[in-house]
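We name chains A, B, ... by the order of the sequence lines, and we start the count at 1 in each one. Everything numeric here is computed off the predicted structure, so don't read it as measured data.
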Amino acid sequence: MHIEVSGLYKKFGDFQAVTDVNFEIEKGQLIGLLGPSGGGKTSILRMLAGLESVDKGDIVFHGKRVNDLPPQERGIGFVFQNYALFKHMTVEGNIAFGLEVKKWSKAKIKDRVAELVELTGLSGFEKRYPHQLSGGQRQRVAFARALAPEPQLLLLDEPFAAIDAKIRHELRSWLRDMIDRLGITSIFVTHDQDEAIEVADQIMIINKGRLEQKGTPWEIYKNPQSPFVAEFIGESTIVEDASSLRGFGNASDWPGTKALIRPEYVEVGKPSDFKLLSATESGRVRHVHFRGSEWLVEVEVGSTRLVTYRSLEKEIVHPGDEVQVLIHRAYLFNNNDSWIMENKLKEDPMPVHI
Amino acid sequence: MRRLWIGLTVVLFGLLLIVPVVRIIMGAFNEGWRGFSDGLSRPETLHALFVTSMIVVIVTVVNTVFGVMMSLYLVRATWLGKRIKQLLNSIVDLPFAVSPVIGGLMIVLLLGPETALGALFNSAGVDIVYAIPGMIIATLFVTFPLIVREVMPVLQEIGNAQEEAASTLGASAWTTFWRVTWPSIQWSVVYGVVLTVARSLGEFGAVLVVSGNILFKTQTATTLVYQDVENFNLTAANSIALVLAAGSVTLLLFMEWAKSRREVH
Ligand SMILES: Nc1ncnc2c1ncn2[C@@H]1O[C@H](COP(=O)(O)OP(=O)(O)O)[C@@H](O)[C@H]1O
Ligand SMILES: [Mg+2]
């Protein structure tokens, strides 16, 4: 289902929960709504479902405005944060519910339930009640129940939040596969950036009721359009005075400009490791953490503390070591603007042509 | 020390519960089986028991329907303002705070034959006070909180997520109520119904004030017991009291059963 949302607003009492949200979703995409808790993600999802009224703005499904349609008539499936399974119905009963209220024939219901039980790997658990299932199984029942009536749009509110980390990984890729296979337009809410990056085709970053940015995970990572997004996605350090960094001196042309630096923007090494020593400055290693597949190195340059990754292949550095630090690029921002700047000293001022 | 307290408690309960029941049984049968059955088969007894049963049935049905609806509105309705909900919530508790006699008096003052409303109903051919409708209203008033106070906490506890899930699956409000909400609250409703039956069976004060205790017209089992005692007709009074007590014990057992079911679900 093609979805278009424009100028969406929602207030709870005096609290502005959603402010001027606009977006469009192509059919068949899996969208991740990502942002800190309390940002308004659930509220947006509930307005799409018709569970919450809209103060202002339009929600359009397939070219048809659905603002005034009740949830029953929107053709959506909703997976609730705590699943909201019907606790006095069996797994089968839960999955069949939406089909029964739509007056499907007994035989068709039976087939469809069997199909979904198979699809979600719940065979053998059909007669169980929700309290007799594990978290992951409940999640799959909720998923099967939402999918049973063949909705055009699937909405999932923090589908993995209540599941322990180990199974969460598994369920994530399972869900991704499932949605790919069914080709159903889906929106899921999460506050976990890894989850959004791993699963979603497109991410929408929601903060304080506003849509900060929408794009593929890579676009958002590479080209954050607001300081909030830059800081929220990936690890980073903020440097109050950008011009104090070597190679970024001309940031002083814009007073009050700060720099956000990601670990992969920074390189540390011995003086001989660098072609252009003039672009580096010296620093001291403060801490080294083993991260399984790489080192996480904290270095202090002047009064700034930066973080970088270091390959396990390279020579090990130790706390207290003097090292050269090269900042390849920085994400600069001030009150009016934000942009990415490369280290100006990295380009050889006097290239020697052979 | 602990033994002493337990012993005291047992003695106290014995005095308060067992002794009166034994007294009632002895009183009912002090002229043998004959006295007991005579007391019960008097026309005024049969009429009073009939009036009581009628009131119990009507009050229970009406209060079950409205009690459940009231609970749903108070817990779920978002279109009711917070203030209005608070107000309604306090009104539900009013019968707990107000003595039944005062409740009955309020009905007399509002709907009695001398009042404008009462006269209006009278001219339409319906008597409220000193007639069955007033007694029903009085009993409704007294028992109204019982079901609401049983059902509301359960509705609050289960939350509305299951109901929302049902609505996204296409279920109407009616279907959602019967298939999703009702199974969760049914044992609380049963418990509330039992309390309501017990209370309306034994209601005395409000009914006495409203009914005028008119023989063969508005006399209920409890007000008849009162009258029999006044007339030193103790065997008959004890016989009716025994029937009422037997009803209460049955209800009590049923209540325990309902309570255990409620905990399971
Ligand atoms: N029904 C409601 N009544 C009052 N405030 C609400 C209600 N629903 C959400 N809010 C508030 O709106 C804000 C956004 O909530 P929500 O959409 O749940 O955020 P998220 O899902 O991003 O954590 C929160 O501050 C929350 O307290
Ligand atoms: Mg949320």
**Report entry** Side-chain heavy atoms of B/Ser184 within contact of A/His88, under 4.5 Å
**Finding:** yes
Might you confirm whether atom [atom1] of [X] has over 12 heavy atoms from other residues, nucleotides or ligands at distances under 6.0 Å?
X        : atom1 : result
A/Lys102 : NZ    : yes
B/Tyr73  : OH    : no
B/Phe96  : CZ    : yes
A/Phe86  : CZ    : yes
B/Trp79  : CH2   : yes

Report summary line: Pair count under 4.5 Å, heavy atoms only, with chain B: among A/Gly98, A/Ala142, A/Ala84, A/Ala146, highest is A/Ala84
Query - Leading residue by heavy atom contact count with chain B [cutoff under 4.5 Å; candidates A/Met89, A/Glu73, A/Gln81] - result: A/Met89
Query raised in the report: What is the distance from atom CG of B/Leu169 to atom CD1 of A/Ile95, rounded to the nearest 0.5 Å?
Result: 11.0 Å
Query raised in the report: Got a second to check how far A/Phe97's CZ is from B/Thr175's OG1, nearest 0.5 Å?
Result: 7.0 Å
Query raised in the report: A/Arg74 and B/Thr168: side-chain contact (heavy atoms from CB on, under 4.5 Å), yes or no, with the steps?
Result: CA-CA 8 Å; A/Arg74 293 201 185 187; B/Thr168 64; over 6 Å; no
Over all atoms of both residues, closest heavy-atom pair of [X] and [Y]:
X        : Y       : result
B/Ala171 : A/Gln72 : O-NE2, 2.7 Å
B/Gln162 : A/Lys87 : OE1-N, 3.3 Å
B/Ala165 : A/Phe80 : CA-CE1, 3.4 Å

Report summary line: Against chain B, residues from residues 26-40 of chain A with at least one heavy atom under 4.5 Å, in numeric order, are none
Check residues 107-117 of chain A and write down every donor-acceptor pair under 3.5 Å in which the side-chain atom is one partner and the other belongs to a residue at least two apart or another chain.
{"residue": "A/Arg112", "atom": "NE", "partner": "A/Ala148", "partner atom": "O", "Å": "2.8"}
{"residue": "A/Arg112", "atom": "NH1", "partner": "A/Glu115", "partner atom": "OE2", "Å": "3.2"}
{"residue": "A/Arg112", "atom": "NH2", "partner": "A/Leu147", "partner atom": "O", "Å": "3.0"}
{"residue": "A/Arg112", "atom": "NH2", "partner": "A/Ala148", "partner atom": "O", "Å": "3.3"}

Report summary line: chain A shares the most heavy-atom pairs under 4.5 Å, among B/Ala161, B/Gly170, B/Ser172, with B/Gly170
Report summary line: Whatever's closer than 4.5 Å to a heavy atom in chain B on A/Leu85 counts as backbone
